[in-house]
Amino acid sequence: MKLRFTKMHGAGNDFVVIDATAAPLSLSNAQLRLLGDRRFGVGADQILVVEKPSRSDVDFRYRIFNGATGDEVEQCGNGSRCFVRYVRDHGLSEARTIRVETINNLLELTLQDDGRVTVNMNTPMLAPEQLPFTTEGLQPRRVGEADLWPLALQGGVVAEVALVSMGNPHAVLVVASADAAPVADWGPQIEAHERFPRKVNAGFLEVVSRNSVRLRVFERDAGETLACGTGACAAVVAGIRQGLLDARVDVHTRGGVLTIEWAGGQAPVMMTGPAVTVFEGEMEL
Ligand SMILES: N[C@H](CCC[C@H](N)C(=O)O)C(=O)O
């Protein structure tokens, strides 16, 4: 089958985007992994499939698959911004604000005049069972409003993590230096830790000031990406709850800057950042 696709990125987190609004598309796990493969396929952190919505009060539905495993996931912040650029550039919508459903959420996204996209990422979920995370036998350490959970890693190392779900699960560690953080060593251990039955995205957060942070994320089923949108949201929520950050924070990732705003409590997390089309292509699948 010949498949048309668009290659995009949001702050260096890259995607293959496919239009399935005209006809349903069912890609096998092997086909999804081939699309994501950086040697034998197109190469991308995630594959995004744009579909017609399942309900009348929403404009589109979009599905997200991690490129390395072909597994479907609940949420993708950088991907949601690229989704908006995609539907506008491909004439699928003229609207400036678009409502889109994912497998477990409903997002409202707005294309800004400067070309960036603002996404209402909804209220963060903070209960361990919402990630899920198994807590038995563990006692968290309270810092501000946040519970920091001790994760036993190899070599007697204990990593204290704050837990935040943005629809997908995140474990956030505060570190002295993002550049020097042991992302390659601790990232996979946290990602696959037995207390996360559905694995987890691991964020390494360096607080530069109350309005500026540096962040690296070892993503679930993707490894370290240049940016992680839901990871940036989770990190800012974790930092605010620990009393380290104000309500509006610039998150400096290796691929670019995302601006995250959260007023606390049940307020939604608002994420603003870039969405770039790199090229259009076609692949025999
Ligand atoms: N690896 C993530 C999905 C992609 C999230 C990330 N690319 C973003 O921008 O939020 C997970 O398995 O939950």
Side-chain angles (χ1 to χ4, degrees), residues 7-17 29 32-33 35-36 43-49 62-86 100 102-105 107 109 116-122 124-125 130-133 161 163-172 183 187-188 190-193 196-205 215-238 251-260 262 268-276:
K7 184 73 189 323
M8 304 185 76
H9 77 85
N13 183 196
D14 66 340
F15 309 104
V16 167
V17 188
N29 180 276
L32 288 161
R33 280 183 292 116
L35 280 167
D45 294 324
Q46 281 87 35
I47 317 295
L48 313 181
V49 180
Y62 99 114
R63 301 177 69 184
I64 307 134
F65 302 86
N66 278 319
T69 60
D71 290 341
E72 186 161 12
V73 293
E74 311 90 340
Q75 200 56 273
C76 181
N78 290 320
S80 64
R81 299 196 314 275
C82 288
F83 153 78
V84 169
R85 159 112 14 251
Y86 179 86
V100 65
T102 64
I103 49 174
N104 68 353
N105 229 321
L107 304 177
L109 310 97
R116 294 190 303 164
V117 179
T118 295
V119 187
N120 177 333
M121 294 294 288
N122 297 312
M125 291 169 276
Q130 292 179 297
L131 270 74
F133 176 77
V161 296
L163 304 177
V164 181
S165 172
M166 295 306 300
N168 60 340
H170 291 268
V172 181
V183 175
I190 296 169
E191 175 203 16
H193 198 283
F196 294 101
R198 297 180 57 192
K199 301 198 279 187
V200 74
N201 299 281
F204 297 79
L205 169 65
L215 178 70
R216 292 172 66 188
V217 181
F218 190 95
E219 282 197 27
R220 176 177 60 173
D221 290 341
E224 182 175 4
T225 56
L226 293 181
C228 178
T230 51
C233 295
V236 169
V237 167
V251 179
H252 296 265
T253 74
R254 292 189 152 183
V257 182
L258 304 179
T259 299
I260 309 297
W262 184 52
V269 181
M270 304 302 289
M271 169 188 65
T272 299
V276 176

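Position 1 is the first residue of the sequence; numbering continues from there. Any value given below was found using the heavy atoms of this structure, including those in side chains, with hydrogens, waters and symmetry copies removed. Order of listing sets the numbers, starting from 1, for every ligand and every atom in it.
Residue contacts with ligand 1, taken as heavy atom pairs separated by less than 4.0 Å, involve Asn13 solely via side-chain atoms from C-beta onward. With a 4.0 Å heavy-atom cut-off, ligand 1 is reached by no atom of Thr225.
Arg33 pairs by the salt bridge (Lys or Arg N to Asp or Glu O under 4.0 Å) definition with nothing, not counting sequence neighbours.
Interface of Asn78 with ligand 1, defined as ligand atoms under 4.0 Å from a residue heavy atom, comprises 8 (C), 9 (O). Within the listing of ligand 1, atoms 3 (C), 4 (C), 5 (C) sit less than 4.0 angstrom from a heavy atom of Gln75.
Checking His9, Lys7, Gln46 one by one against Asp14, the side-chain hydrogen bond (donor to acceptor under 3.5 Å, both in side chains) holds for a single residue, Lys7. Checked options Asn66, Asp45, Val73; the residue passing with Asp221 is Asn66 (criterion: side chain to side chain contact (heavy atoms under 4.5 Å, CB included)). Considering Thr230, Val200, Asn168, Asn13 in turn, Asn13 is the only one that fulfils the side chain to side chain contact (heavy atoms under 4.5 Å, CB included) rule with Glu219.
The aromatic rings of Phe196 and Phe133 lie tilted to each other, with the angle between the two planes from 30° to 60°.
If you check which protein heavy atom lies closest to atom 5 (C) of ligand 1, you get Glu219 OE1, 3.6 Å. Nearest non-hydrogen protein atom to atom 12 (O) of ligand 1 is Arg220 NE, 2.8 Å. Looking only at heavy atoms of the protein, atom 10 (O) of ligand 1 is closest to Thr230 OG1, 2.6 Å. Counting protein heavy atoms only, atom 9 (O) of ligand 1 is closest to Gly229 N, 2.8 Å.
Ligand 1 has Asn201 within reach: a non-hydrogen atom of the residue lies less than 4.0 Å from it. Using a non-hydrogen distance threshold of 4.0 Å, Ala222 does not register as a contact of ligand 1. At least one heavy atom of Val73 sits closer than 4.0 Å to an atom of ligand 1.
Considering backbone and side-chain N/O atoms, Gly77 comes within less than 3.5 Å of an N/O atom of ligand 1.
Inter-residue side-chain proximity for Phe83 and Cys76 is flagged as unmet; no heavy-atom pair is nearer than 4.5 Å. Using a 4.5 Å heavy-atom threshold, the side chains of Met121 and Ile260 count as separate. Looking at heavy atoms from C-beta onward, Thr259 lies in side-chain contact with Arg116 at the 4.5 angstrom threshold.
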